[in-house]
Amino acid sequence: MNFDRLRNPFPYSDSNKRYHTFDYWLRQRFGGKVFKVPLNIGLSCPNRDGAKGVGGCTYCLGGSGAFAGDPTLSVTEQFAQMSAQMRQKWPGGKCIAYYQAGTNTYAPVEYLRHCFEPILAMPDVAGIAVATRADCLPPDVVEYLVQLSRRTFLMVELGLQTVWDDTAERINRCHTYDDFLEGYHALSQRGVSVCVHLINGLPGEDASHMRESARRIAALRPFGVKLHLLHVLRGTKLASEYESGAFEALPMEQYVQIVCDQLELFPSETVIQRVTGDGARDSLIAPLWSLRKLVVMNEIDKELKRRNSWQGKNFTP
């Protein structure tokens, strides 16, 4: 162990991190480096195709998963291509197949089996991660996910973004917090690991809204959480709002303070998979400081140390 416990009182760390990183959890679980391989199986979303709405979320540029694989290729071809690229950086590592683009349970179970099973049969695959919406979990899909979770490491990522229904309506999310809770409990109560996504900086929200989103999710004690920064991307409805002055992007200093406040609220065992996000450089309008991802992460580390704080310090069961 290469750090001084007196300098870092957080138990789930072997570095300077005062929060429970996914890298740390994976190394403890699998004994070495594990990396995600992003995939695209060509699925849409119910708030894009008219089932619940059209146009998608106001911040979304043509669907989530901008860095996922090429949907014109088969899932095994995508996996081979993407994993080969990553093995140049992490030779000998294991993989988690990350079904990232779109809503990856928004299809019949037979199609999901067709997309998931071939990857699980490949060597050095430690498990799969499935990004989806909580309102796209019909009983037969839930049953399949439960069975998968008993065979391999499975993590279902639910994009909540905010607990505030008025914000969700403003960003055209097309589901409520109660909808999220129904889907979350359908999985978690049957032992499926769930990672919840939250976005900081959504229009109409201040720091108290974002802290409350974190507090309510912390009370659920999820397996994992991803904290994203709202990116204003060229060509989105959000960009038009931003350029009209309808809201302002968060400055980095405020974002760092909010994230540290949120980390203090989550239970220490919850895995923090992300504390900021990657915006596509060629389409990002604001905030431009987000392009300096390592700087943002370092500032979060420094602020937690300055506070003499850590993840879970203010968690109340």
Side-chain angles (χ1 to χ4, degrees), residues 3 5 8-30 34-36 96 98 100 126-134 137 145 149 153-164 177 180-200 207 209-229 255-277 296-297 300-301 303-305 307-317:
F3 76 106
R5 178 65 71 195
N8 184 359
F10 185 66
Y12 299 102
S13 178
D14 55 7
S15 67
N16 68 318
K17 298 295 184 184
R18 293 181 175 225
Y19 55 93
H20 195 164
T21 68
F22 196 33
D23 179 68
Y24 176 85
W25 186 89
L26 289 169
R27 284 188 285 107
Q28 299 304 306
R29 168 70 183 267
F30 295 105
V34 180
F35 55 87
K36 279 185 171 182
I96 289 178
Y98 182 24
Q100 180 184 20
I128 64 174
V130 180
T132 190
R133 291 164 54 103
L137 292 168
L145 294 174
S149 72
F153 170 68
L154 169 70
M155 178 175 60
V156 178
E157 300 192 12
L158 296 182
L160 171 61
Q161 323 313 0
T162 179
V163 304
W164 301 96
Y177 184 50
F180 163 79
L181 289 174
E182 182 178 349
Y184 175 86
H185 289 305
L187 296 171
S188 65
Q189 289 177 357
R190 298 191 65 189
V192 178
S193 297
V194 179
C195 176
V196 182
H197 292 220
L198 295 173
I199 295 180
N200 289 325
H209 290 90
M210 299 172 227
R211 285 192 294 266
E212 184 60 20
S213 282
R215 185 176 291 107
R216 293 193 199 178
I217 297 309
L220 300 175
R221 303 186 82 127
F223 167 77
V225 168
K226 280 187 176 180
L227 300 175
H228 297 269
L229 167 66
Y255 182 78
V256 168
Q257 294 295 322
I258 290 168
V259 168
C260 290
D261 291 347
Q262 292 173 319
L263 291 173
E264 290 173 341
L265 295 170
F266 290 118
S268 58
E269 65 271 18
T270 291
V271 177
I272 307 299
Q273 290 203 46
R274 185 181 288 274
V275 292
T276 185
V296 179
M297 296 173 69
I300 291 168
D301 293 338
E303 176 60 17
L304 287 173
K305 184 177 181 181
R307 296 183 184 191
N308 189 29
S309 191
W310 52 86
Q311 178 185 335
K313 188 174 183 180
N314 295 332
F315 171 65
T316 302

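For clarity, every value in this text was computed on a predicted model and none was experimentally measured.
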#### Entry: Residue pair Val256, Ile300: steps toward the side-chain contact (heavy atoms from CB on, under 4.5 Å) verdict
CA-CA 6 Å; Val256 168; Ile300 291 168; 4.2 Å; yes

Can you see which heavy atom on [X] is nearest to which on [Y], and at what distance?
X	Y	value
Ala131	Gln100	CB-O, 3.9 Å
Val34	Leu26	O-CD1, 3.8 Å
Thr270	His20	O-CB, 3.4 Å
Pro222	Val194	CB-O, 3.8 Å
Tyr24	Pro11	OH-O, 4.0 Å

Residues two or more places apart in sequence or in another chain: which of them pass salt bridge (Lys or Arg N to Asp or Glu O under 4.0 Å) with [X]?
X	result
Arg27	Asp14, Asp23
Lys313	none
Asp261	Arg211, Arg307
Arg29	none

### Listed partners of Ser213 passing side chain to side chain donor-acceptor pair (under 3.5 Å), at least two apart
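Once residues adjacent in sequence are excluded, Ser213 has no partner under the side chain to side chain donor-acceptor pair (under 3.5 Å) criterion.
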
### Message
Going by the rule side chain to side chain donor-acceptor pair (under 3.5 Å), which residues pair with Ser188 if we only count those two or more places apart in sequence or in a different chain?
### Response
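Expected list: none.
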
Taking side chain to side chain contact (heavy atoms under 4.5 Å, CB included) as the test, write out the residues that go with [X], two or more places apart.
X	result
Glu182	none
His209	Trp164, Glu205, Asp206
Ala129	Lys36, Ile96, Tyr98, Met155, Glu157

Using side-chain heavy atoms (C-beta onward) and a distance below 4.5 Å, is [X] in contact with [Y]?
X	Y	value
Leu145	Leu137	yes
Tyr177	Leu160	yes
Phe315	Ser268	no
Phe180	Ile217	yes
Ser193	Leu154	no
Val271	Cys195	no
Val225	Ile272	yes

### Query
Under the ring-ring contact (aromatic ring centres under 6.0 Å, His included) test, which residues partner Phe153, sequence neighbours left out?
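Applying ring-ring contact (aromatic ring centres under 6.0 Å, His included) to Phe153 gives Trp25.
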
### Query
With sequence neighbours excluded, what pairs up with Tyr19 under the ring-ring contact (aromatic ring centres under 6.0 Å, His included) test?
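Applying ring-ring contact (aromatic ring centres under 6.0 Å, His included) to Tyr19 gives none.
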
Whether [X] side chain and [Y] backbone form a donor-acceptor pair below 3.5 Å:
X	Y	value
Tyr184	Leu220	yes
Asn16	Asn8	no
Glu264	Asn314	no
His197	Lys226	no
Glu212	Val163	no

### Query
Taking NZ, NE, NH1 and NH2 as the nitrogens, is one of them in Arg18 or Asp301 under 4.0 Å from a carboxylate oxygen of the other?
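Judged by the 4.0 Å cut-off on N to carboxylate O distance, Arg18 and Asp301 do not form a salt bridge.
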
### Leu263/Phe10 under side-chain contact (heavy atoms from CB on, under 4.5 Å): CA gap, chis, key distance, verdict
CA-CA 12 Å; Leu263 291 173; Phe10 185 66; over 6 Å; no

### Straight-line distance of Thr162 OG1 to Leu198 CG, nearest 0.5 Å
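Answer rounded to 0.5 Å: 7.5 Å.
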
#### Entry: Interatomic spacing from NE2 in His228 to CZ in Arg274 - rounded to 0.5 Å
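His228 NE2 to Arg274 CZ: 6.0 Å, rounded to 0.5 Å.
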
#### Entry: Audit row: Thr132, Leu158, side-chain contact (heavy atoms from CB on, under 4.5 Å) steps and yes/no
CA-CA 5 Å; Thr132 190; Leu158 296 182; 3.6 Å; yes

